[in-house]
Protein chains: 2
Amino acid sequence: MLTETKTGYTVKQLADLAGVSIRTLHYYDEIGLLKPSSVGDNGYRYYEEEAVYRLQQILFFREMELGLLQIKDIMEQPEFDLMMTLVTHRQALQDKIARLQTLIHTIDQTLAHLTGEVDMTKKKLFEGFTEEEQERYAQEASEKYGAATVQASMQLWKSYGKDKQAAIMQEGKVIYQDMLAAMGQGATSAGVQAIVARWHQHLRYFYEPTPEILRGLGHHYNDDPAFHANFADLHPDLPAFLEQAIMHYCDVQFPSA
Amino acid sequence: MLTETKTGYTVKQLADLAGVSIRTLHYYDEIGLLKPSSVGDNGYRYYEEEAVYRLQQILFFREMELGLLQIKDIMEQPEFDLMMTLVTHRQALQDKIARLQTLIHTIDQTLAHLTGEVDMTKKKLFEGFTEEEQERYAQEASEKYGAATVQASMQLWKSYGKDKQAAIMQEGKVIYQDMLAAMGQGATSAGVQAIVARWHQHLRYFYEPTPEILRGLGHHYNDDPAFHANFADLHPDLPAFLEQAIMHYCDVQFPSA
DNA sequence: CTTGACCCTCACGTTACGTCATGGTTTATC
DNA sequence: GATAAACCATGACGTAACGTGAGGGTCAAG
């Protein structure tokens, strides 16, 4: 009682962790966007893990230039799903990269024009900017983060029932054990590829991964130190093996991606 | 006198062209960032070509999230050079793309974490955001758009003297004629490659193009309708020939790029 | 106890416009 | 020439997302 333990991040700790200001955290609390997990007797704000994840989400939304109240609305919807939203962020980021590539294209054309090589319409000078405006409006529409996809995801998960949900979570644990046992068959063998298919289906219980995500995960398993160490603990060759198996699976299932 | 001709874009025309608001143009006039080229007897603002280019620059700076007064300062420096700045914008855009790629990487890791595959430090949740902050600070430094590179560029051009400057501009006209005459030798021949080297040097009188820019220009000459038409008027095979010749030149000169 | 770091609330200021009011100017049509 | 719609101007208040500073309480180490 007298030494009540205070857990969680203080404002300075969280601000440093996430690269935002303390004032930002105050403001987000004030507008109800990110409430602290608890407030101590001293009036201090304390943030737990859930709040940390929520802040990450907010930063992604902010990167997409959504307004704070808009972000709050989206996250307050009962069908808000963390993973589905991350997938949507991913798509939005790729759209943004495409637009930046367009700006680079515009620069190259302007440079060539200024060195006298070709005429250029005035409209082309702003290629990428006007599209940027259009993209911004599109982002403001709720469809991108929207009800349709997110609702489908939640309904799908809820439709499984408690027993099946538990079985799905257990299945996830079994897949890597089976993969380990099948390493002797080779990464491209029918047996291993069947396990990769189960891994793919396992992911699909949570969200619909694009081919690119699948490839990206396969690469991270081998290349990312944390992933690598996690799997190498099971077997030193497992990380590279997983990458090979997943890449082959993607080559076969998605030949054009 | 009585029917004084008014030329240039009105605010609505320029706003539509560039995808900005009329209010923005008013504001930019007010703060001295973008003055109209002339003001009619009726009080209307009219913008000529020079102002259009200036607006493009402003939009690029704005894309890099520089403040308006900061942008104004940069553009008021006597050594401000349009082309050199475009090259700098290009680099900044590529840095920005790299950062967005990092955010995608963070998403992939978060997704894998949430499906139970690996532990993830809280710090990794914000990978890309904190770097974003650092990048923003770096952008605010004047070095990126800065005095050093821009000064060097201007001094270089001024050091040529009027006669040499005229000769350089004339050389630019000759290069494409020589290229046309040498088409029979093949894109990878020593004669054609020597002309590509002259083209490269020609660009370098204006700015230092990166290998990527060289490749990008080579590709645009063939792929972009305006470029393509311009060169195809000289010879129908010239656009593709130029691309081949430039790509080969870049392969040889910059084997690792 | 002292000091420095950290915490709080309060409140004004900044930046880059968005929006509206009021009224003059231009253009096209009848 | 008259009319209506589109366009132009200035002026001014408001907004979003904080930045900054004031004043004062809390915590931890020496």
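Chain identifiers are assigned alphabetically (A, B, ...) following the order of the sequence lines, protein sequences preceding nucleic acid strands; residue numbering begins at 1 within each chain.
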Exercise for review: Round to the nearest Å and state the distance from Glu30(A) atom CD to dT9(C) atom C1'.
Suggested key: 10 Å
Review point. Mind checking whether Leu25(B) and Tyr47(B) have side chains closer than 4.5 Å, heavy atoms only?
Key: yes
Practice item. Find the distance Arg45(B):CZ to dT25(C):C1' and express it as a whole number of Å. Key: 15 Å
Check your understanding: Taking the side chain of Asn42(A) as heavy atoms from C-beta outward, which of dC7(D), dC27(D), dC8(C) is closest to it?
Key -> dC27(D)
Practice item. Please state how far atom CG in Asp41(B) lies from atom P in dG24(C), giving the value in whole angstrom units. Key: 17 Å
**Study point:** Test side-chain hydrogen bond (donor to acceptor under 3.5 Å, both in side chains) applied to Asp29(A) - qualifying residues, sequence neighbours left out
**Key:** Lys35(A), Arg45(A)
Practice item. Compare the minimum distances between each of dT26(C), dT9(C), dC6(C) and the side chain of His26(A), then state the nucleotide with the smallest one. Key: dT9(C)
Practice item. Quick one: list whatever passes ring pair (Phe, Tyr, Trp, His ring centres under 6.0 Å) with His219(A), sequence neighbours left out. Key: none
Point to revise | Listed partners of Glu48(B) passing side-chain hydrogen bond (donor to acceptor under 3.5 Å, both in side chains), at least two apart | key: Thr7(B)
Review point. Sequence neighbours excluded, which residues qualify as ring pair (Phe, Tyr, Trp, His ring centres under 6.0 Å) partners of His200(B)?
Key: Tyr249(B)
Review point. Quick one: Tyr47(A) OH to dC8(C) C1', roughly how many Å, whole number?
Key: 12 Å
Point to revise | Atom pair distance, as rounded to whole Å: CD in Glu65(A) and C1' in dA16(D) | key: 14 Å
Check your understanding: dC8(D) phosphate, OP1 or OP2: any side-chain N/O from Thr10(B) under 4.0 angstrom?
Key -> yes
**Study point:** Distance, rounded to the nearest Å, where Lys12(A) contributes NZ and dA5(C) contributes C1'
**Key:** 9 Å
**Study point:** Gap between atoms CG and C1', on Leu25(A) and dT9(C) respectively (whole Å)
**Key:** 16 Å
Review point. With sequence neighbours excluded, what pairs up with Asp108(B) under the side-chain hydrogen bond (donor to acceptor under 3.5 Å, both in side chains) test?
Key: Arg90(A)
Review point. Can you give one letter per nucleotide of nucleotides 15-21 of chain C, going 5' to 3': B for a protein heavy atom under 4.0 Å from the base, S for sugar-phosphate only, - for none?
Key: -BBBB--
Check your understanding: Between Phe61(A) and His89(A), what is the ring plane arrangement, given parallel below 30°, perpendicular above 60°, and tilted in between?
Key -> perpendicular
**Study point:** Nearest-Å distance for atom pair CD/P, residues Gln13(B) and dC8(D)
**Key:** 7 Å
